[in-house]
Amino acid sequence: MTNGRALAKAYLEQQRLLGGDAVILPTAALAPGTPDLRPGSGKPASEALPPPGLSFDPPSGDLFAADPVQQARTLADVATLVADCTKCKLCEARTNTVPGEGPTDARLVVVGEGPGRTEDETGRPFVGKAGELLTKILGAIDFPREQVFICNVVKCRPPENRLPQYDEIAACVPYLFRQIELLKPTVILAMGGTAAQTMLNTKQSLGALRNQVHRFRGIPVIVTYHPAALLRNPNWKRPTWDDVRIARRILDS
Ligand code: URA
Ligand code: SF4
């Protein structure tokens, strides 16, 4: 098989995984002189990054900070603190805390909203239906889930999967920020409005935040739809695919 054909095959497989029906080939996979017929592509996807967006630089703790979260030296330390946490009312109905999981040297961190039922039952992030889709989305950019640190803004399940409330997010977010401080990833993928607004300290809508390279303490943040929203809105799969490819390009650069 020629290299072009192999690439085309890989892309078709990625499209299939994402549930799309359009055939999308990167410019590199087109033979010289082949017209670029991809939908919506007047310009070659020269793979330039989208423009810079917001920057959020919350102060980070130092060695002498009295707060135990700031003193946590490892991701396991953070998880231990989370396991006993009663800082907000979400502690009341939880079965398990869901601190997040993944390798300590992960280059990509995925941030979701909060645990759902299956996550609450197992203590693991993104293991339900939305999690299956997340695994496919990561596969589509050649990222085995095992290489990604996956976590949420709140570490305990909101009752009936309601949105986490402002006070709950405020109570919980130091754990997330400390996890990111310890991980020092190359890219953060914020999935859904709660994750995007929390990572960037903004009330702007997800739609307004997409397609820009934001920064959290200098680390690029790419914003996209939440996998659970994609299950309800298959039309958002294509834009999600575009977003995760931006993250892939930053990881490759
Ligand atoms: N949705 C989330 O935001 N996080 C999970 O862990 C599972 C579903
Ligand atoms: Fe603590 Fe976060 Fe759970 Fe609230 S959601 S109890 S702040 S771990």
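Remember, it's 1-based here, ligands and their atoms both numbered in the order they're listed. In this chain, numbering begins with 1 at the start of the sequence shown.
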If we count only N and O atoms by modelled type, under 3.5 Å, do the side chains of T202 and Q197 hold a donor and an acceptor together? no
Worked check of salt bridge (charged side-chain N to carboxylate O under 4.0 Å, His left out) between R124 and E101: CA-CA 7 Å; R124 299 185 55 210; E101 66 183 27; 2.8 Å; yes
Using a strict 4.0 Å cut-off to heavy atoms of R94, name the atoms of ligand 2 that fall inside it.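 Taking each heavy atom of R94 in turn, ligand 2 has 3 (Fe), 6 (S) under 4.0 Å.
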Would you call E113 and R157 a salt bridge, using N to O less than 4.0 angstrom?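 R157 and E113: not salt-bridged.
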State whether R210 and D243 are salt-bridged, where the test is any N-O pair (Lys NZ or Arg NE/NH1/NH2 against Asp/Glu carboxylate O) under 4.0 Å.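 Yes, this pair counts.
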Are I169 and L163 connected in a single hydrophobic cluster, I mean Ile/Leu/Val/Met/Phe/Trp/Tyr linked by side-chain heavy atoms less than 4.5 Å apart?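 They do not share one cluster, since no chain of ILVMFWY contacts under 4.5 Å joins L163 to I169.
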Between [X] and [Y], what is the shortest heavy-atom contact and its length?
X: P103; Y: E146; result: CD-O, 3.1 Å
X: A130; Y: H226; result: CB-CE1, 4.4 Å
X: P158; Y: L90; result: CA-CD2, 3.6 Å

Total protein N, O or S atoms, atom 4 (Fe) of ligand 2, separation less than 2.8 Å: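 Step by step: take atom 4 (Fe) of ligand 2, keep protein N, O, S below 2.8 Å, and you get 1.
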Check each protein residue for a heavy atom under 4.0 Å from ligand 1 and list those that pass, ordered by chain and number. G112, E113, G114, E119, P125, F126, N152, H226
Near K89 NZ, under 6.0 Å, is it more than 12 heavy atoms from other residues, nucleotides or ligands?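 Atom NZ in K89 is crowded, with more than 12 foreign heavy atoms closer than 6.0 Å.
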Lys NZ or Arg CZ of R238 over W236 ring: under 6.0 Å, within 45°: no
